[in-house]
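Keep in mind the model is a prediction, meaning the values are calculated, not measured. Chain naming here is simple, since letters A, B, ... match the order of the sequence lines and numbering starts at 1 in each.
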2 protein chains.
Amino acid sequence: MSNNKKTTIKDIASVLNISPAAVSKALHDDSRISDKTKEAVKKVAKDLNYQPNHLASALRKGKSNLVGVIVPRTNSNFFSSVIQNIEEELNKKGYNIIITQSNESYKKECSNIDTLLFTQVDGIIASMANETVDLEYYEKIKSKGIPLILFDRGENDLNVDYIGINDYDSSQLIVDHLVQQGCKRIAHIGGYKHTRIFNNRIRGYIDALKKHKLPLEEALLIESSLTTEDGRDKMTQLLALKNKPDAVYIAGDYAALGALQVLNELGIKIPEEIALVGFGNEPFTAMVTPTITSINQHSAKIGKLAAKTFLEHVKKTVVKQQLNKIILDAELIVRDSSNRGV
Amino acid sequence: MSNNKKTTIKDIASVLNISPAAVSKALHDDSRISDKTKEAVKKVAKDLNYQPNHLASALRKGKSNLVGVIVPRTNSNFFSSVIQNIEEELNKKGYNIIITQSNESYKKECSNIDTLLFTQVDGIIASMANETVDLEYYEKIKSKGIPLILFDRGENDLNVDYIGINDYDSSQLIVDHLVQQGCKRIAHIGGYKHTRIFNNRIRGYIDALKKHKLPLEEALLIESSLTTEDGRDKMTQLLALKNKPDAVYIAGDYAALGALQVLNELGIKIPEEIALVGFGNEPFTAMVTPTITSINQHSAKIGKLAAKTFLEHVKKTVVKQQLNKIILDAELIVRDSSNRGV
DNA sequence: TATATTTGCTTAAACGTTTAAGCAAATATA
DNA sequence: TATATTTGCTTAAACGTTTAAGCAAATATA
C-alpha cells in the first residue's frame with residue numbers, strides 16, 4: 001500500500017495497456033478520447049493515488065502557473081490583505097503564488113527577483129521597497145517578457161501596469177478635513193520624496209494649503225522613513241518648534257502611532273491641542289487611544305485588480321504591452337484623533 | 001540584444017563547441033572540468049544572460065528546492081515573524097518557500113496541501129487551522145515521504161516533528177503573577193479544547209488555581225474562537241455574572257483586545273477592578289491603553305528551529321523519522337493591564 | 001458501393017537539465 | 001620504456017509530461 005515511488009502517467013498506461021499520451025489526454029478530457037477510456041483512466045489514477053508532476057508539465061508547456069509576489073513586508077494589514085486577495089483571484093484560475101519580502105531593502109528585492117525568475121514564474125506582482133531607486137532589475141523582468149504589475153509603490157517611469165490609490169487627492173481630503181476642524185498650522189511628516197506615492201502626498205498637501213490660503217512653512221514639512229520610531233523622533237522635532245503646529249498629517253499609520261505615543265506621554269491633548277491624521281487604515285488605528293483618523297487604501301480591491309490585470313496579460317498571446325493604470329479613489333476615515341466635534 | 005528566447009545550456013555549449021554536459025558541470029564547478037573551460041563557460045553564460053531553468057533541474061534531480069508553509073493567516077505578527085525566519089534560514093541553503101494561508105478553514109487547508117504536493121515541494125512546515133481535527137490530509141504528506149514539521153498548533157498524535165512553547169507553564173506563570181497582584185477570582189477565556197495548545201493552557205490554568213488553593217468555578221472558564229469580536233462577547237458574558245472576576249486571562253491577544261475595549265467602554269478600571277492578561281505578545285499589546293500583559297511566543301526562534309529541523313531531515317538520506325519535539329520556555333511580559341504595583 | 005470524414009488511439013520527439021558510463025590524451029608510477 | 005592512473009571531456013539516457021503527426025478502424029456522405 002505505502003508504495004514509496006510516486007505514480008506516473010506511465011504506470012497508469014501500463015495498467016490499462018494504452019499509451020502514456022492517451023492517459024495524458026484522458027486526464028485533460030481531450031475530445032478525441034472515448035468516454036470509456038476516460039473513465040477507466042480516471043479510476044486507475046484514483047486507485048493508484050496519482051498526483052500530476054507539476055515540474056514536468058510546466059517544463060513541457062513552458063509555463064509554471066506560478067506568480068511571484070514581492071512586498072516590503074507581510075506583517076502589515078495592507079500588504080497581507082492585498083496578498084490574500086491576489087491569491088484568491090489567481091487560485092480560481094489555477095495559479096499559485098510565491099510570496100517574498102524585501103524588508104524595504106533594495107538588495108533583498110533584487111535577490112527576490114532573481115529567485116522568482118529562477119523559479120520560472122509566469123508573472124510578478126510587486127510593491128517596491130522604500131530604498132529602491134535603481135530600476136535595472138525591474139527592467140530585467142520586462143526584458144524577459146514576463147508580465148510585471150506594480151501596486152501601491154510603483155514607479156511610473158517604468159511603464160508597466162500599476163494599481164494604487166489617489167495619493168494627491170488623499171492629501172487634499174485630509175487638509176480639507178483639518179481646516180474644517182479649525183486647524184491653522186498643519187504639519188506634514190511625509191515619506192521619502194523620491195518615492196512617487198509619497199511625493200504625490202506632499203504635492204497634495206502643498207496645493208491644499210495654497211487652496212485654503214495657508215502659508216507653507218518649511219519647518220512643518222518633514223521627510224521620514226515612516227517607522228514607529230521615526231514617527232516619535234519627527235513628532236518630538238515638531239514639538240521643539242517655537243511655533244508649534246496644531247495638526248499633524250503623517251503619511252503612514254506606524255509613524256502616526258509613534259507620534260501619538262509621544263503626545264500621550266507629554267499629556268498633550270489630542271485633538272484639542274494637536275489633531276492627528278495617519279495613512280493606511282491599519283487595524284490598530286481603531287484600537288489605540290485616541291483612535292486615529294486615517295486613509296483607507298482599499299487593499300482588497302487593489303489585490304483583486306492586480307490579479308485580474310495579470311490574468312488579462314496571459315490571456316492575450318500577443319505581448320502587446322497595453323498599459324493599464326488604475327487609480328482608486330481615496331476614502332478618509334475620521335476618528336477621535338482629529339474630530340473636534342465641529 | 002533583447003533576444004526574447006531564453007538562453008539554455010545548449011546555447012552556451014554551441015558557442016564554445018563543447019557538449020552541454022560539460023557546460024552543466026562547469027557551472028557547478030565539477031572537479032573534472034578544467035579551470036580554463038570553467039572560466040570560458042561562465043563568461044559566455046554571463047554574456048548571454050543565462051538563467052538556469054529551475055523546472056528542468058528540479059525534474060531531473062527529483063527535488064524542487066521549494067518548501068511549503070501553511071499558516072492560519074499571515075496577518076498576525078506571530079505568524080509573519082515565524083515565516084520571515086523560516087525564509088531566512090532556508091534561503092541560506094538554497095531553498096525557497098511557498099506561503100499559503102488556511103484562514104482557519106479545514107477545507108482551505110486541505111486544498112493548500114494539495115497545491116503544495118502538486119508543486120512538488122521538498123517539505124512542508126505548517127501550523128494548523130482552528131477547525132482541523134481530521135488528520136487524514138496530514139497523513140497523506142507523511143505517506144509520500146515528504147518531511148512535515150508542525151509548529152505552534154500541532155497535533156501530537158500525528159507523530160511528526162513539532163516546535164512550540166510550553167503552554168502549560170505559560171498558564172502557571174500567568175496565574176502566579178495574577179495571584180501575586182492580589183487577584184482572587186481569576187477567569188480564563190480559553191481557545192477550543194480540542195486544540196492541544198489551548199487544552200494545555202486550560203490544564204495549566206486549572207492546576208495553577210489548585211496550587212494556590214483557589215476554587216475552580218465553571219462560570220469563569222469559557223471556550224472561545226479568540227477573535228476580537230468573540231473576546232468582546234465573552235467579556236460581556238463574564239461581566240453579567242453576579243459574582244464578577246477580578247482578573248481575566250485570555251488565551252489570545254486579539255480576544256484580549258476585544259475584552260479591553262468592553263472594559264474601557266464601561267469605564268471599568270484596569271487593572272484595579274479587573275486585571276487583564278493576553279497571550280502572544282502581538283505588537284499592539286504595547287500600543288493600546290492600558291498596555292496588555294502577554295506571553296512572548298518566541299516567534300523568531302520557532303521559525304529558525306522549524307527551518308533547521310527541515311534541513312536536518314533532508315541531510316539524512318535515510319528516511320528514519322526520528323521525532324524531534326522542541327518545547328521553548330515561555331516568557332511573561334508584564335504591562336499595565338495587570339500591574340497593580342504590588 | 002466507393003470515397004471522405006471522424007474517432008480513437010499510437011509513435012516519436014521535445015521541454016532543459018543532470019549524471020552514469022565511457023573513452024582518448026596526458027601524466028604518474030614502476 | 002611499459003603499464004596504471006588521472007584529467008577532461010563526450011555520448012546517451014533519463015526525469016514526467018505534452019503535443020504534432022500519423023494511421024487504422026469506424027462512421028458519414030455521395
Checklist line | N-O pairing of B/Glu131 and B/Lys108 below 4.0 Å | finding: no
Margin query: Looking at B/Lys42 and B/Glu39, is there a salt bridge between them, counting it only when a charged N and a carboxylate O are closer than 4.0 Å?
Written below: no
Note to self: Using a 4.0 Å heavy-atom cut-off, does A/Thr8 contact any base of the nucleic acid, only the sugar-phosphate backbone, or nothing at all?
What the structure shows: sugar-phosphate
Check: Looking across every strand, which nucleic acid part, if any, lies under 4.0 Å from B/Ser34 by heavy atom: base, sugar-phosphate, or nothing?
Finding: sugar-phosphate
Mind calculating the distance between [atom1] ([X]) and [atom2] ([N]) to the nearest angstrom?
{"X": "A/Arg32", "N": "D/dA25", "atom1": "CZ", "atom2": "P", "result": "16 Å"}
{"X": "A/Asp35", "N": "C/dT6", "atom1": "CG", "atom2": "P", "result": "19 Å"}
{"X": "B/Lys38", "N": "D/dT7", "atom1": "NZ", "atom2": "P", "result": "12 Å"}
{"X": "B/Asp30", "N": "D/dT7", "atom1": "CG", "atom2": "C1'", "result": "11 Å"}
{"X": "B/Asp11", "N": "C/dG16", "atom1": "CG", "atom2": "C1'", "result": "10 Å"}
{"X": "B/Ile9", "N": "C/dT19", "atom1": "CD1", "atom2": "C1'", "result": "12 Å"}
{"X": "A/Ile12", "N": "D/dT18", "atom1": "CD1", "atom2": "C1'", "result": "15 Å"}
{"X": "B/Lys10", "N": "C/dG16", "atom1": "NZ", "atom2": "C1'", "result": "7 Å"}

Checklist line | C/dC9 phosphate, OP1 or OP2, under 4.0 Å from A/Thr37 side-chain N/O | finding: yes
Notebook entry, point to check: Which heavy atom in A/Gln101 sits nearest to a heavy atom in A/Pro72, and how many Å separate them?
Noted result: CB-O, 4.2 Å
Checklist line | Atom of B/Asp122, atom of B/Phe310 and distance for their closest heavy-atom approach | finding: O-CE1, 3.5 Å
Backbone N or O of [Y] within a donor-acceptor pair of the [X] side chain at under 3.5 Å?
{"X": "B/Ser127", "Y": "B/Asp152", "result": "no"}
{"X": "B/Thr132", "Y": "B/Tyr106", "result": "no"}
{"X": "B/Lys38", "Y": "B/Asp30", "result": "yes"}

Next item on the list: Verify side-chain contact (heavy atoms from CB on, under 4.5 Å) between B/Val121 and B/Val67, making sure each step is shown before the conclusion.
Entry: CA-CA 5 Å; B/Val121 292; B/Val67 173; 5.8 Å; no
Checklist line | Out of D/dT19, D/dT10, D/dT18, whichever nucleotide has its closest atom nearest the side chain of A/Ser24 | finding: D/dT18
Next item on the list: With a 4.0 Å heavy-atom cut-off, tell me which residues in residues 50-58 of chain B come close to DNA chain C, sorted by residue number.
Entry: B/Tyr50, B/Pro52, B/Asn53, B/Ala56, B/Ser57
Margin query: Between D/dT18 and A/Arg60, counting only base atoms on the nucleotide and side-chain atoms on the residue, is there a donor-acceptor pair under 3.5 Å?
Written below: yes
Notebook entry, point to check: Between the side-chain atoms of B/Lys25 and the base atoms of C/dT17, is any donor-acceptor pair under 3.5 Å?
Noted result: no
Margin query: Quick check on DNA chain D: between B/Ile33 and B/Lys61, whose nearest nucleotide comes earlier from the 5' end?
Written below: B/Ile33
Item checked: Side-chain touch B/Thr37/B/Lys25, heavy atoms, less than 4.5 angstrom -> no
Checklist line | Stems involving DNA chain D, each a run of at least 3 consecutive Watson-Crick or G-U pairs under 3.5 Å | finding: C:1-30 with D:1-30
Margin query: Show, in sequence, the C-alpha distance, side-chain angles and deciding distance for A/Asn91 and B/Thr115, and conclude whether the side-chain contact (heavy atoms from CB on, under 4.5 Å) test is met.
Written below: CA-CA 10 Å; A/Asn91 278 354; B/Thr115 291; 5.9 Å; no
